[in-house]
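Letters A, B, ... mirror the listed sequences (proteins, then strands); counts begin at 1. From a predicted model like this one, the values you see are computed outputs, not experimental measurements.
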Amino acid sequence: MKIERIDENIWIVKKEGRMRVPAIVYTDGKSIRSPELQNALQQLVNVATMPGIIKYAIAMPDIHWGYGFPIGGVAAFDAEEGVISPGGVGFDINCGVRLLVSNLKYEDVEDRLDELANAIFETVPVGVGSRSRKFSIDELKKVCRDGAAWAVEKGYGEEEDLRYIEDGGKLKDADPSSVSHKAYERGSDEIGTLGGGNHFIEIQRVESVYDREVAERLGIHENAITVMIHTGSRGFGHQIATDYISIMRNELRQHNSDLPDKQLINAPFKHPIGQDYFHAMCCAANYAFANRQMITHLLRKAFTKVFGGSVHLKVLYDVAHNVAKLETHELDGTRKRVVVHRKGATRAFGPGNSALPAEYKDIGQPVLIPGDMGTASYLLLGTKRAEKDTFGTTAHGAGRRLGRRQAKRELSLVKVMDELKRKKIIVRSASRGTLLEEAPEAYKDVDEIVWIVDKTGISRKIARMVPIAVIKG
DNA sequence: ATGTGC
């Protein structure tokens, strides 16, 4: 494959073979040649062959190998002529991040972090297979339709929280009738649970601020305490992805007969099966928004238990990084309806975008990029440049350096824990294996990822937060 | 990511 440099940190794979559009990669000169990247790049090229793809297939600097589509990938398909693909969204539909800002400073919490971590660990169900309470299928259908608003109505959090969620925490194209009974069964007792793997709750200290004026407006200043939630739609979204991959495989044989990779299975967006998947995917996205909303409420309870009634956790923003959205983008001077697949990629709309709440309209959309549990996470803002060049998208995280199995094989739990202890990071986890899989050594450097998205202008850095207590699945 | 496998 021929790769050419078109900017210091932007590369193009020119159209060749069955590619309908070129592929664009945002990364540095060292990473573009790394052997680990090559499989993911081939996946990106495969995506560029799919029907109705617009402009180019795009990879963010945190690109790595995934199911069919690479993680850290963006692909927009024509809403009339194009397709929708479960592999372009990922199994954890609306996996995403929420950032809460507290009115506490580091000095207020540093001596009570053990107590706080224990309170959270006792209040929020964590780990693979974790359960909350059982909800009926009728209730889950309301979750599908109303997303985070369902949770607020049930008493989990405040009406105001909804203003600061992507699309208000409610995707309007959700249709509960497109979701299988099996998905409802799996989802019935998992709303309000964290899950496992890379999902976490993190207490953070704001370590650096890059734009003081904007940060101030967002209630962010050095040494402020923030809380980050990273979770998704649990078994519910996973089952919906599984169901529709199987439906598309069985019922759209002809359409999918000539794929470069079977995992790119898809349906024409206009086809009833494509529409059903889209409507079900929106249900899972709403389930995930409700999940993060419920966890926010549980976190407020845990904080109040430790610090009393004067503590306040405000939702700064909540954004998805595994989702397909029907959006309007300007292409060659005309506005076009496209289905933007963001898989391990974060929406990053710029100032003036009508999707933003009034309070953020002049600064742009808050973007949340979590790193590994020993390094840092970032608050950034979306840009006009992103809207123009990447369908309003930026990176989503550090990206794995070691596979899960490799991490467990090569890393030592004692060393990982000692290193976290040395950095004064408190960790509570439901599983020892998870700690190895999620060790800082298993991830790429989030600082480098963020440096690239900031340098290329597809988002801009506002603050860097460091972990002080981590609750993992 | 996942009731961590077909």
Side-chain angles (χ1 to χ4, degrees), chain A residues 40 43 62-73 85-98 125-135 140 179-201 229-246 249-250 262-263 280-281 283-285 287-289 291-292 295 319-324 341-346 370 372-373 396-400 402-409 429-439 442-443 471-473:
Chain A
Q43 289 192 313
D62 49 341
I63 182 180
H64 55 283
W65 189 89
Y67 180 89
F69 290 57
I71 296 158
S85 173
V89 172
F91 279 84
D92 189 6
I93 296 165
N94 190 5
C95 188
V97 187
R98 177 179 291 209
V126 305
V128 174
S130 50
R131 311 260 159 105
S132 55
R133 46 161 283 207
K134 187 124 182 147
F135 291 96
L140 287 170
V179 174
S180 71
H181 183 76
K182 196 171 178 185
Y184 283 123
E185 281 199 326
R186 280 184 71 177
S188 65
D189 53 2
E190 291 186 338
I191 327 179
T193 68
L194 188 68
N198 63 6
H199 291 166
F200 65 75
I201 292 165
I229 304 164
H230 180 209
T231 185
S233 52
R234 311 283 284 103
F236 186 68
H238 193 279
Q239 189 59 46
I240 287 170
T242 306
D243 288 341
Y244 279 94
I245 287 169
S246 156
R249 188 187 294 132
N250 295 334
K262 292 225 182 318
Q263 295 183 344
M281 187 217 64
C283 290
Y287 182 105
F289 284 133
N291 190 26
R292 294 195 285 273
I295 291 174
V319 66
H321 55 226
N322 273 7
V323 79
H341 293 59
R342 297 190 180 92
K343 181 189 193 179
T346 313
D372 65 76
M373 62 165 129
H396 90 303
R400 294 199 75 89
L402 305 178
R404 294 185 177 281
R405 250 194 294 154
Q406 198 186 0
K408 277 203 253 200
R409 198 169 53 229
S429 176
S431 142
R432 299 153 79 85
T434 301
L435 287 173
L436 281 178
E437 291 177 2
E438 295 300 311
Y443 282 89
I471 288 86
K472 295 282 305 178

**OP:** Can you tell me the distance, in whole Å, between the OH atom of Tyr67(A) and the C1' atom of dT2(B)?
**Re:**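 Atom OH in Tyr67(A) sits about 14 Å away from atom C1' in dT2(B).
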Original post:
Between Arg249(A) (CZ) and dC6(B) (P), how many Å, whole number?
Top reply: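 From Arg249(A) CZ to dC6(B) P: 11 Å.
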Original post:
Across the strands shown, which category fits Gly232(A) at heavy-atom distances under 4.0 angstrom: base, sugar-phosphate, nothing?
Top reply: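 Nothing, no nucleic acid heavy atom in range.
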**OP:** Select base, sugar-phosphate, or nothing to describe what Gly433(A) touches, counting heavy atoms under 4.0 Å on all strands.
**Re:**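 Nothing, no heavy atom under 4.0 Å.
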**OP:** May I ask you to test the Val128(A)-Thr434(A) pair for a side-chain heavy-atom distance under 4.5 Å?
**Re:**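 A side-chain contact under 4.5 Å is absent here.
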Report, one line per pair, each donor and acceptor closer than 3.5 Å where one atom sits in a side chain of residues 85-95 of chain A; sequence neighbours left out.
residue  : atom : partner   : partner atom : Å
Ser85(A) : OG   : Gly87(A)  : N            : 3.4
Ser85(A) : OG   : Ile265(A) : O            : 2.8
Asp92(A) : OD1  : Ser233(A) : N            : 2.9
Asp92(A) : OD2  : His199(A) : NE2          : 2.9
Asn94(A) : OD1  : Arg292(A) : NH2          : 2.8
Asn94(A) : ND2  : Ala285(A) : O            : 2.8

Subject >> For Glu190(A), salt bridge (charged side-chain N to carboxylate O under 4.0 Å, His left out) partners two or more places apart >> reply: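 Once residues adjacent in sequence are excluded, the partners of Glu190(A) under the salt bridge (charged side-chain N to carboxylate O under 4.0 Å, His left out) criterion are Arg234(A).
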**OP:** Only counting residues at least two apart or in another chain, list the ones meeting salt bridge (charged side-chain N to carboxylate O under 4.0 Å, His left out) with Arg400(A).
**Re:**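 Result, salt bridge (charged side-chain N to carboxylate O under 4.0 Å, His left out) vs Arg400(A): Glu438(A).
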**OP:** Please name all residues satisfying ring-ring contact (aromatic ring centres under 6.0 Å, His included) with Phe289(A), sequence neighbours left out, ordered by chain then number.
**Re:**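 By the ring-ring contact (aromatic ring centres under 6.0 Å, His included) rule, Phe289(A) matches no residue at all.
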**OP:** Go through the structure and list residues passing ring-ring contact (aromatic ring centres under 6.0 Å, His included) with Phe200(A), not counting sequence neighbours.
**Re:**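 Phe200(A) satisfies ring-ring contact (aromatic ring centres under 6.0 Å, His included) with His230(A) only.
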Anything under 3.5 Å between a protein N or O and an N or O of nucleotides 3-5 of chain B, put it in a table, one pair a line.
residue : atom : partner   : partner atom : Å
dG3(B)  : OP1  : Arg186(A) : NH2          : 2.1
dG3(B)  : OP2  : Glu190(A) : OE2          : 2.8
dG3(B)  : N1   : Arg186(A) : NH1          : 3.4

